[in-house]
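Here is the structure we will look at.
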Amino acid sequence: MTTEASASPPDARIGTESDRSIHEVTDFAIRIAREAGTIAMEGFRNRELGIDLKQDFHDMVTKYDRACEEHLRRAILERYPDSTIVGEEDGASEGSGPLAWHIDPIDGTANFARGMALWAVSIGVALDGEIVSGVVYDPANDHMFWADDRGAFLGDEPMRSWGFPEPAQATVVMNFPLPRDLVHLPELALEQFADASQQFAQVRALGSSCISLCWVAAGWVDATISFEANSWDVAASALILRRAGGTYRTYLDGAEQPEERDYLNPHYYATVPGGDFGILEEIMRTQSMRPLPANR
Ligand code: IPD
Ligand code: CA
Ligand code: CA
């Protein structure tokens, strides 16, 4: 795979002379995503996972999530010591430099823990708040999705999103409604799920936000939505999707939000180019009216 840095102008904000390019950052993120993937694969389909519950019985963590995040944090701070790191398992650590790393060591933990090959390591890197590099590595399928200013790639191959813009031909991947989507407007959510099932050719739930977004980027599915996502779920894959030509939009309080730093927004709707899915827009408008949990 050709993931070596090609020449790019140095960016004095990033660090030492040898580290001063976004391409170097991406190539480094690809390397550590692969390393974290190798650690996680040791636990995949293994029965000694050390599972703990987090918020409730729908929300779990394994010792492999923790080991992968620890590996990523250590590697990032060794190479880019001033970094801010925002990770799912260990929270945020503030650095003084311009790079912020939004990392999900295993996105799709429930799939990972059950032995389903639908989970990935996700690393999104922001420079002065703007996401400039995104890497999503699905080790069970050896899919390395990545993007920066060179474009979006699956391994060595450039990726262009494409698909079916009308529901009757389209496949939507959504976990909606999750238990947390049934807290505020449960009847409406169930009706909307029924409507989507009738209007779309196919509705699927993958259980990994970053894989769902990368599959829209690859042109393997046509749309995806989710509510109450975190920056570590989407920072990398939203960039990958946009660089592949797809659309990524966020909603809050019933309205579409500006693009700037929207990886920090919780509710998203993504499609292949030209996607026109009124039912999904309606779900976004109504369901994004919910109050956010106190910890956000
Ligand atoms: C979850 C997955 C899931 C999505 C949830 C995420 P995790 O991440 O991406 O598909 O619906 O919102 O929290 O817990 O497996 O890292
Ligand atoms: Ca996640
Ligand atoms: Ca996770």
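The figures that follow rest on heavy atoms only: side chains count, while hydrogens, waters and symmetry mates do not. Just follow the structure's listing: the first ligand is 1, and inside any ligand the first atom is 1.
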Exercise. Could a heavy atom of Glu89 be found less than 4.0 Å from some atom of ligand 1?
Worked result: no
Exercise. Is any N, O or S atom of Ile106 under 3.0 Å away from the Ca ion (ligand 3)?
Worked result: yes
For this session: Check whether any N or O atom of Ile106, backbone or side chain, sits under 3.5 Å from an N or O atom of ligand 1, and answer yes or no.
Result: yes
Exercise. With under 30° as parallel and over 60° as perpendicular, where do the rings of Trp215 and Trp220 fit, or are they tilted in between?
Worked result: perpendicular
For this session: Taking the six-membered ring of Tyr268 (Phe, Tyr or Trp), confirm whether the NZ or CZ of Arg249 is under 6.0 Å from its centre and within 45° of its axis.
Result: no
For this session: State the atom name: nearest N, O or S atom of Glu88 to the Ca ion (ligand 3).
Result: OE1
Exercise. Going by the order shown, which atoms of ligand 1 are within less than 4.0 Å of some heavy atom of Ser208?
Worked result: 9 (O), 10 (O)
For this session: Consider only side-chain heavy atoms of I, L, V, M, F, W and Y, link residues closer than 4.5 Å, and tell whether Tyr64 and Tyr137 are in one cluster.
Result: no
Exercise. Which heavy atom of the protein is the closest neighbour of atom 7 (P) of ligand 1, given with residue, atom name and distance?
Worked result: Gly108 N, 3.7 Å
Seminar exercise, completed: atom 4 (C) of ligand 1: closest protein heavy atom, distance to 0.1 Å, is Ser209 OG, 3.5 Å
Exercise. Does some side-chain heavy atom of Trp162 sit less than 4.5 Å from a side-chain heavy atom of Val272?
Worked result: no
For this session: With the Ca ion (ligand 2) at the centre, find the angle made by OD1 from Asp233 and OD2 from Asp104, to 10°.
Result: 100°
Problem set entry | Arg45 side-chain N/O to Gly115 backbone N/O, donor-acceptor pair under 3.5 Å | yes
For this session: Report the relative orientation of the aromatic rings in Phe112 and Trp119; use parallel for angles under 30°, tilted for 30 to 60°, perpendicular for over 60°.
Result: perpendicular
For this session: Could you label the plane-to-plane angle of the Phe277 and Phe200 rings as parallel, tilted or perpendicular, counting under 30° as parallel and over 60° as perpendicular?
Result: tilted
Seminar exercise, completed: shortest atom 12 (O) of ligand 1-to-protein heavy-atom contact is with Arg180 NH2, 2.5 Å
Seminar exercise, completed: Taken to the nearest 0.5 Å, the spacing of Asp181 CG from Glu228 CD works out to 6.5 Å
Seminar exercise, completed: Per-atom filter on ligand 1: closer than 4.0 angstrom to a heavy atom of Leu178 are 11 (O)
For this session: State plainly whether the residues Glu88 and Arg66 are in salt-bridge range, i.e. N to O under 4.0 Å.
Result: no
Exercise. Taking C-beta and beyond as the side chain, do Glu35 and His71 meet within less than 4.5 Å on heavy atoms?
Worked result: yes
Exercise. Parallel, tilted or perpendicular: which fits the ring planes of Tyr80 and Trp101, with parallel below 30° and perpendicular above 60°?
Worked result: tilted
Problem set entry | Protein heavy atom at shortest distance from atom 14 (O) of ligand 1 | Glu88 OE2, 3.8 Å
Exercise. For ligand 1, which atoms have a heavy atom of Gly207 less than 4.0 angstrom away?
Worked result: 2 (C), 3 (C), 10 (O)
Problem set entry | Polar atom proximity, Asp59 to ligand 1 (N or O, under 3.5 Å) | no
Exercise. Closer than 3.0 Å to the Ca ion (ligand 3), do we get an N, O or S atom from Asp107, backbone or side chain?
Worked result: no
For this session: Only heavy atoms count here, so choose which of Asp233, Asn175, Thr109 is nearest to atom 11 (O) of ligand 1.
Result: Asn175
Exercise. When you measure from atom 8 (O) of ligand 1 to every protein heavy atom, which one gives the shortest distance, and what is it?
Worked result: Asp107 OD1, 3.0 Å
Problem set entry | Which of the ligand 1 atoms, numbered from 1, are nearer than 4.0 Å to a heavy atom of Asp104 | 16 (O)
